[in-house]
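The first residue in the sequence is number 1, and the count goes up from there.
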Amino acid sequence: MNDSRPTSPEAPPEDLWSSILDSVSSSRSIPAKQILLLGEPSSGKSALTTALLHKAPTEDVQEDQRLDFALGYDWADVRDDADEDTLARLSVYTIPSSAPSYTALLPHFLPPRTSLSHTVVIIVLDWTKPWTFIDQMHIWLAWIEKWVEGDGSRELQIVREENRERLQAHLQRYTEPSTEPLPATSTLSDSTLLPLGSGTLTHNTAGVPIIVACTKADLIDDTTDGLGPGAGGMGGMVKGKGGEWEERTDSVMQILRTICLKYGASLFYTTPIPQTLQVLRQYALHLLFTPPAPSPGLSNEAAAPIRNPFPFKHKPNTLDRDRIVVPAGWDSWGKIVVLREGFDAKAWGEAWEHDLDHVEGEPDEPSASKMYSTLVPDQGPKPTPLPPFNNPTPEQVFLAKNYDENSKKPDRDPRGAFRNPTENAGAGVVGPMSSSSFNLPNVERALTEMEAGPSPLSMSASADSRKALNRSGTSRPSAGLSALGASSSGSRSQVASPTLAAASPSPTNGGPTQHEVLQNFFQSLLSSKDRASGTSSARASTPKPSATPGAPATNNESGGGAAEGT
């Protein structure tokens, strides 16, 4: 009987349950949606992130004091209106600025092949710096075009085509929200779709949903005198409210709408008021859940229409300057011109094209950047100009240049004073020795002058030396001086200086002449060995004289020096 029982299956029952659980989880998986915020520092990205994620601000920190990371990230779950089911998981990516070091990180976290169909890009512009609008639009829109190119694979090309078809269908099917319900018999078909208007979706080949959000729109009307240029938006540029103020603000909005129309983008003005931020959040979710474009081969009966879980029910608003709402698909050139007469939307569109296609070296065409700078002059802080760069001359070059100049001028050589004594009559008695003998020209001339008679210069020098010796001699005892004069005639080991020896005697007093003093000086140098032995014996035999206190001082020290020299 046991053999008649059916055998159990080979696979365990756990595999069956796991496959069932996997199929259920895959059918009820939560889709992932992304919002990419692009803007410069202190433009209001943190406030937009908090509003998009529907989170309360954690701390009250000013925008310019927030810390920006290389790539900011935050997320939150998106629930339905009844707050029962989770429809998607929303992620928000932010970067601090348009520097290439920051924008190069985004393709690694948001590869276009997998995230293009689930991403909305928001370009943040700051109304306190309206003169930067055109330049920032150039930078960010060019980066979006580069980002969607990706690796150029065939799969990415298919995704780009499908995304553009979905955006084009969204623009063509846009209807202004109404409080009246639609008739039940109304249906949408391909035959009822109108073609795109002039200047609509001429760019944005990948169909990226783009929102241009101008933050701090409440400062447009701010005319506080304490605010400097640019701190109060357009109010800092035009004082007071009037025709010029309204004309400039309307012109800026018309230019932004013209550019947004070319990329199929929408335009929103936001303020710190939560209501304006919630309108932006609702529209961003509306774009994220836009249904794909219907296939042209299927009829309406075969394919049921897909309902957007986040319908956008706010009407367009172009009159309230602090809460502008221009959804994609509603605007056109005709509506832009109606706002302010004299605006040429076609000319501004062509000027934008010239800026995109401009090549350096070609003749200047009408430029949107130059036209906009004329309308909104730059009032931002100007950087302090740097001092001129000081490029010093290399040391070797400087020395070589001066050497060549000195070599061409013999009078610049200091050695020429000794080679040609006639050029410098005021040279010293003893100079550098250029030969091995003592017969120098300057020495011979000095000796000749001393034999002829004392010069006024030597007489003044002799008088000064006598005064100095008299002053120094008054502080010495007379006994010490006499003893020193008696013992120094044959026992001094050091010979007096020729200047001091020649200053005291005079030929008129019967003393030796200066020529004889110099001769004795050189002879004493030659006989230094004999004098050294005689000095040692004289010091041993001569008793040391004692100084008599109170004796008057004499001025014979110079005469003793002269006698000693002779």
Which distance, rounded to the nearest 0.5 Å, do you find between the OG1 of Thr276 and the CG of Asp218?
8.5 Å

Quick one: sort the Tyr283 and Phe268 rings into parallel, tilted or perpendicular, breaks at 30° and 60°.
tilted

Which pairs pass salt bridge (Lys or Arg N to Asp or Glu O under 4.0 Å) with one or both residues in residues 250-275, sequence neighbours excluded?
Asp250-Arg321, Asp250-Arg340, Arg257-Asp331, Lys262-Glu353

Heavy-atom distance under 4.5 Å between the side chains of Asp355 and His138, does that happen here?
yes

How about Cys214 and Ile324: do any of their side-chain heavy atoms sit closer than 4.5 Å?
no

Measure centre to centre between the rings of Trp127 and Tyr269, then say whether the value is under 6.0 Å.
yes

Would you kindly say whether Arg160 and Thr205 are connected by a side-chain donor-acceptor distance under 3.5 Å?
yes

Kindly determine whether Trp140 and Thr103 satisfy side chain to side chain contact (heavy atoms under 4.5 Å, CB included), including the steps that lead there.
CA-CA 10 Å; Trp140 294 121; Thr103 56; 4.1 Å; yes

Is any side-chain heavy atom of Ile158 closer than 4.5 Å to a side-chain heavy atom of Glu162?
yes

Pairwise side-chain contact, Trp143 with Leu106, heavy-atom cut-off 4.5 Å (strictly under)
yes

With side chains defined as the heavy atoms from C-beta onward, is the minimum distance between Gln157 and Arg154 less than 4.5 Å?
yes

Side-chain contact, heavy-atom cut-off 4.5 Å: Pro316 with Glu176?
yes

Give a yes-or-no answer on whether the side chains of Asp77 and Thr86 include a donor-acceptor pair shorter than 3.5 Å.
no

Hey, are the side chains of Leu399 and Val397 touching, using non-hydrogen atoms and a 4.5 Å cut-off?
no

Minimal non-hydrogen separation, Gly349 against Thr258, with atom names
N-CG2, 4.3 Å

Answer with yes or no whether the side chains of Gln34 and Ser115 bring together a donor and an acceptor at under 3.5 Å.
no

For residues 284-291, run the donor-acceptor check on the side chains, cut-off 3.5 Å, and write out each pair with its distance to 0.1 Å, sequence neighbours left out.
residue : atom : partner : partner atom : Å
His286  : ND1  : Asn308  : ND2          : 3.2
His286  : ND1  : Phe310  : O            : 2.8
Thr290  : OG1  : His286  : O            : 3.0
Thr290  : OG1  : Leu287  : O            : 3.0

Is Lys335 positioned over the aromatic face of Trp330, cation under 6.0 angstrom from the ring centre and no more than 45 degrees off axis?
yes

Any heavy-atom pair between the side chains of Asp322 and Asp320 that's under 4.5 Å?
yes

After noting the C-alpha distance and the side-chain angles of Arg166 and Asn163, does the key distance pass the side-chain hydrogen bond (donor to acceptor under 3.5 Å, both in side chains) rule?
CA-CA 5 Å; Arg166 184 182 66 169; Asn163 213 47; 3.1 Å; yes

Under 3.5 Å, is there a donor-acceptor pair between the Ser98 and Glu40 side chains?
yes

